[in-house]
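Lettering follows sequence order; numbering is per chain, from 1.
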Amino acid sequence: MPELPEVETIARGLANAVTGKTIDAVAISMAKIAVAAPGVDFAAALAGETIGAVGRRGKYVVIALGSGRRLAVHLRMTGRLIVHGAEYPEPYPYTHIVLRFTDGTRLSFADVRQFGRMRLLEAGDPWDADGGLEPLSEGFTSEAFVSMLDGRRTPIKAFLLDQSRIAGVGNIYACEALWEAGIRPSRPSHKISRPARRRLHGAVRSVLQRAIDARGTSVDDYVDAEGLKGGFQNQLAVYGRLGEPCPRCGKPIVRTVIGQRGTWWCRSCQK
DNA sequence: CTGAGATCCTGGGGGC
DNA sequence: TGCCCCCAGGATCTCA
């Protein structure tokens, strides 16, 4: 599942690979994946566009275009954005959209489960993902996070996954940050002590940054823009490690369900 | 405001 | 071995 570190890694790879290129033509083989404003033809509108800055907002890859339009791409669980050289013979199966550049290289969007979307935003469209704070930005201060939890009864794990509060944290890094901070995932947010909130704030930022440094987590089929796997799966403490020993205390990791999501944690050292 | 449940999809795992 | 069933999972929508 691409979360913030994976999306950041993909965006950086794309920035290197396609910035400045001009789109020659666009092929769409599954119409629902390519979303445009009413009355706008996705493929026709993109033809002739140049690629500007490539960045990330929450879990979206955002690609600026010469006309002022933007492409906002969400990969959901199994989406892939991969750049292929001109000689690349055969696309990855489940490829739904291909942007072909004038130099012959291609940017393809593939998605086994068809949940991902590539959305074309018109110039001036105020789209801003879901509005949550960027957890690695300067605005995401310890004080801001501490007060965000006031009066919130929702389990802290569900809070961390709410993209309208904090943008980019998904299931893997929510589990890992809660383990690092020693907080039980089901704990009602407002009941968490202020020192523990500050620990969690630091843990969220730390785990996201370390995962970016490792180029993301490939527990299923995540790959970056070059088709390469990440490395953070080797550093996971709890996610997906049911029954394995907690790296801190040695007790077996358990799995429960919180907010309809699988949750891995240590009963012994997360209170 | 808050949470529960359904929905979208397919590969893969479990059960037999 | 092979087949069928079931389900994870992010965001969104409906309903209570």
Side-chain angles (χ1 to χ4, degrees), chain A residues 1-11 28-35 56-62 71-81 91-97 108-119 121 127-135 147-178 185-192 204 208 211 216-223 229-230 233 236 238-243 253-265:
Chain A
M1 295 150 277
E3 304 178 23
L4 187 153
E6 291 75 35
V7 178
E8 179 70 28
T9 302
I10 290 167
I28 301 170
S29 52
M30 188 168 289
K32 70 180 180 185
I33 307 288
V35 181
R56 178 194 60 74
R57 173 74 177 103
K59 297 178 190 174
Y60 291 82
V61 174
V62 182
L71 278 170
V73 187
H74 201 302
L75 302 167
R76 293 291 184 99
M77 278 88 73
T78 53
R80 294 180 170 194
L81 271 178
Y92 173 78
Y94 314 109
T95 295
H96 306 308
I97 301 173
S108 65
F109 178 91
D111 189 352
V112 170
R113 294 191 189 170
Q114 305 167 24
F115 285 179
R117 292 292 182 269
M118 183 175 266
R119 180 181 301 270
L121 305 166
W127 178 90
D128 183 36
D130 302 300
L133 277 176
E134 283 291 333
S147 60
M148 282 169 85
L149 301 188
D150 288 340
R152 309 278 315 181
R153 299 184 188 191
T154 194
I156 185 61
K157 166 114 185 293
F159 181 89
L160 292 176
L161 295 178
D162 183 345
Q163 302 299 298
S164 71
R165 310 287 172 175
I166 303 170
V169 177
N171 209 20
I172 294 174
Y173 300 110
C175 289
E176 293 295 306
L178 287 163
S186 60
R187 198 103 199 276
S189 303
H190 71 289
K191 288 190 175 178
I192 298 172
V204 166
L208 291 174
T217 300
S218 294
V219 286
D220 41 88
D221 51 2
Y222 159 73
V223 293
K229 288 183 179 295
Q233 61 276 13
L236 296 175
V238 290
Y239 182 84
R241 301 189 63 216
L242 176 65
I253 300 301
V254 299
R255 180 186 184 278
T256 58
V257 174
I258 295 173
Q260 293 132 305
R261 300 274 150 64
T263 303
W264 289 263
W265 55 290

Atom [atom1] of [X] and atom [atom2] of [N]: how far apart are they, to the nearest Å?
X: A/R261; N: B/dG5; atom1: CZ; atom2: P; result: 13 Å
X: A/I172; N: C/dG10; atom1: CD1; atom2: P; result: 8 Å
X: A/F115; N: C/dG10; atom1: CZ; atom2: P; result: 11 Å
X: A/F159; N: B/dC1; atom1: CZ; atom2: P; result: 14 Å
X: A/R255; N: C/dA8; atom1: CZ; atom2: C1'; result: 8 Å
X: A/N171; N: C/dG10; atom1: CG; atom2: C1'; result: 10 Å
X: A/D111; N: C/dA8; atom1: CG; atom2: P; result: 19 Å
X: A/H190; N: B/dG3; atom1: NE2; atom2: P; result: 11 Å

Worksheet item: In terms of the angle between their ring planes, are A/H96 and A/F109 parallel, tilted or perpendicular, with boundaries placed at 30° and 60°?
Response: tilted
Worksheet item: Has the side chain of A/R113 got a donor or acceptor atom sitting under 3.5 Å from an opposite partner on the base of C/dG9?
Response: yes
Worksheet entry | Donor-acceptor pair (no angle test) under 3.5 Å: A/Q260 side chain, B/dG5 base |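 Under the 3.5 Å cut-off, the side chain and the base do form a donor-acceptor pair.
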From [options], nucleotide with atom closest to [X] side chain:
X: A/M77; options: B/dG3, C/dG10, B/dT10; value: C/dG10
X: A/W264; options: B/dG3, B/dG11, C/dG9; value: C/dG9
X: A/R165; options: B/dT10, C/dG10, B/dT2; value: B/dT2
X: A/V112; options: C/dG10, B/dG11, C/dT12; value: B/dG11

Worksheet item: Does the side chain of A/Q163 get closer than 4.0 angstrom to OP1 or OP2 of C/dG10 through an N or O atom?
Response: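 For C/dG10, neither OP1 nor OP2 has a side-chain N or O of A/Q163 closer than 4.0 Å.
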Worksheet entry | N/O (side chain, A/H74) to phosphate O (OP1/OP2, C/dA11) under 4.0 Å |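 Answer is yes, contact under 4.0 Å.
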Contact class for [X] (heavy atom, under 4.0 Å): base, sugar-phosphate, or nothing?
X: A/T78; value: nothing
X: A/R119; value: nothing
X: A/G262; value: sugar-phosphate
X: A/R117; value: nothing

Worksheet entry | A/Y173 and A/E6 side chains, donor-acceptor separation under 3.5 Å | yes
Fill in: Heavy-atom side-chain contact between A/D111 and A/L75 under 4.5 Å
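No, every pair of side-chain atoms sits at 4.5 Å or beyond.
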Fill in: Heavy-atom side-chain contact between A/T256 and A/S186 under 4.5 Å
no
Discussion item. Under a 3.5 Å distance rule, please check whether A/E176 uses its side chain to pair with a backbone N or O of A/Y239 as donor and acceptor.
Written reply: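 Side chain of A/E176 to backbone of A/Y239: a pair is present.
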Discussion item. Pick the closest DNA chain B nucleotide for A/Y94 and for A/R76 by heavy atoms, then say which residue is nearer the 5' end.
Written reply: A/R76
Worksheet item: Partners of A/R241 by salt bridge (Lys or Arg N to Asp or Glu O under 4.0 Å), sequence neighbours excluded?
Response: A/E244
